[in-house]
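Quick notes on the structure that follows.
Below, chains carry the letters A, B, ... as their sequence lines are ordered, and counting in each starts from 1.
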There are 2 protein chains.
Amino acid sequence: MSKHVKEMEVLKEHLGKHQLKFTRQRELILDAFLKQEHITAEEMYHQLARKDPHLGLATIYRTLNLFCEAGLAQARHFGTQTQYDNISHKGHHDHLICTGCGKIVEFENCDIERLQEEVASRNGFTIQTHRLELYGLCSRCRH
Amino acid sequence: MSKHVKEMEVLKEHLGKHQLKFTRQRELILDAFLKQEHITAEEMYHQLARKDPHLGLATIYRTLNLFCEAGLAQARHFGTQTQYDNISHKGHHDHLICTGCGKIVEFENCDIERLQEEVASRNGFTIQTHRLELYGLCSRCRH
DNA sequence: ATTGAAATTGATAAGCTATCTCAAAAAAGA
DNA sequence: TCTTTTTTGAGATAGCTTATCAATTTCAAT
């Protein structure tokens, strides 16, 4: 039924270790979560309203936080909301954002990522995720 | 009176351009803000309560957001609160943030900054500012 | 210095996001 | 199935930030 067998196992293992139970809601939310790169609780609430209109918002929050504890998700505060990042999703990308027209260009740079690792380990940190945004003017807006 | 002449000029120029007015409160808040590397509105509210007990919290928020628009500050959301970073005084710095205990380590890395410039120019952008946050576990929280 | 239009302030209400409460429902082991 | 423990859903609550608005302040033009 679910395509996310590996992650489902990670969840079940975490549940087992902490005397928590495997529920229909947790399965449903994990399935939906793993299809996204990142999502907010509110977004997921509306998305899942079709499948289960009675699924409560509090349950979404509780479950997404559970995923963080299980190492499947990573909470990141963006604007006024909390984004829950899908850890298993590879292909992280950073953003170039034009302050003139709002244009967003995505990019990836291995050299930068390597230097980030260096900085982190020099400070005793193990990086889970990162966020890099460059703000400036695109060629069109500079004139 | 004020030691932050340069930044005060930046603020005044921004105010002039946008038909805004130079007030006692804005001067007071800028002076206090520039003494910090980063601060929350609430912290500043309590800090300034001694100098001006009638200074409202809403004014602090409004003014710190004004500083962001003027390019003197940068808002950063951490936990449930917003940190306002002073980017005009000590120069920009990036952050290593522990997702376990919330510890924040500031760092600067010229090599990363140079690579950022490269990425930007390759895409026709001129960088005005940037935000780099590395999330992970500090040595203490990893165990 | 005075005036008057426009912006700002302070106090508080309102808005939003996230968490807490608790009775009812569901899960898991015997 | 029975029993114990955990989870859920709905609404209440908490914490941070913004909106509202009458009174005040700024500032350019008298």
Taking ring pair (Phe, Tyr, Trp, His ring centres under 6.0 Å) as the test, write out the residues that go with B/H14, two or more places apart.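 Checked B/H14 against ring pair (Phe, Tyr, Trp, His ring centres under 6.0 Å); matches are B/H18.
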Rounding to a whole Å, what distance do you find between [X]:[atom1] and [N]:[atom2]?
X     : N      : atom1 : atom2 : value
B/Q81 : D/dT18 : CD    : P     : 13 Å
B/Y84 : D/dC16 : OH    : P     : 13 Å
A/F67 : D/dT7  : CZ    : C1'   : 14 Å

To the nearest 0.5 Å, what is the distance between CG (A/L132) and CG (A/L134)?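 With rounding to 0.5 Å, CG (A/L132) is 4.5 Å from CG (A/L134).
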Find out whether [X] and [Y] are in side-chain contact, i.e. whether some heavy atom of one side chain is under 4.5 Å from a heavy atom of the other.
X      : Y      : answer
B/D111 : A/I112 : no
A/L72  : A/N86  : no
B/L20  : B/R26  : yes

Between B/R131 and B/D94, does any NZ, NE, NH1 or NH2 come within less than 4.0 Å of an OD or OE carboxylate oxygen?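 No.
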Residues in contact with DNA chain C, drawn from residues 41-62 of chain B - heavy-atom cutoff 4.0 Å: B/H54, B/L55, B/G56, B/A58, B/T59, B/R62
Are any side-chain N or O atoms of B/D85 and backbone N or O atoms of B/I87, one a donor and one an acceptor, separated by less than 3.5 Å?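 Not confirmed, B/D85 side chain does not pair with B/I87 backbone.
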Classify the side-chain pair A/H95/A/E133 by whether it contains a donor and acceptor separated by less than 3.5 Å.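 The answer is no; no qualifying pair exists.
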Testing the 3.5 Å rule here: is there a donor-acceptor pair between the side chains of B/E43 and B/Y45? no
Report whether B/L137 and A/F125 are members of the same hydrophobic cluster (ILVMFWY, side-chain heavy atoms less than 4.5 Å apart, transitive linking).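 No; A/F125 is not reachable from B/L137 via cluster members.
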Look at the rings of B/F67 and B/F33 and say which category their plane angle falls in: under 30° parallel, 30 to 60° tilted, over 60° perpendicular. tilted
Roughly how bent is the helix from C/dA1-D/dT30 to C/dA30-D/dT1 end to end, in steps of 10 degrees, with each end axis from five pairs? 40°
If the sugar-phosphate is the primed atoms plus P, OP1 and OP2 and the base is the rest, what is the B/S/- string for nucleotides 25-30 of chain D, using protein heavy atoms under 4.0 Å? -BS---
Residue from A/R76, A/H38, A/E37, A/Q36 passing side chain to side chain donor-acceptor pair (under 3.5 Å) with A/Q83: A/H38
Is any side-chain N or O of B/T82 closer than 4.0 Å to OP1 or OP2 of D/dT17?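 Yes.
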In a table with atom names and distances, give each donor-acceptor pair under 3.5 Å that connects a side chain of residues 54-65 of chain B to protein atoms at least two apart or in another chain.
unit_1: B/T59; atom_1: OG1; unit_2: B/R62; atom_2: NH2; d: 3.2
unit_1: B/T63; atom_1: OG1; unit_2: B/T59; atom_2: O; d: 2.6
unit_1: B/N65; atom_1: OD1; unit_2: B/Y84; atom_2: OH; d: 3.0
unit_1: B/N65; atom_1: ND2; unit_2: B/Y61; atom_2: O; d: 3.3

Terminal contacting nucleotides, 5' and 3', DNA chain C versus chain A (heavy atom, 4.0 Å): C/dT17 to C/dA28
Tell me what A/T40 touches on the nucleic acid: a base, only sugar-phosphate, or nothing, going by heavy atoms under 4.0 Å.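 Nothing: the residue A/T40, judged by heavy atoms under 4.0 Å, touches no strand.
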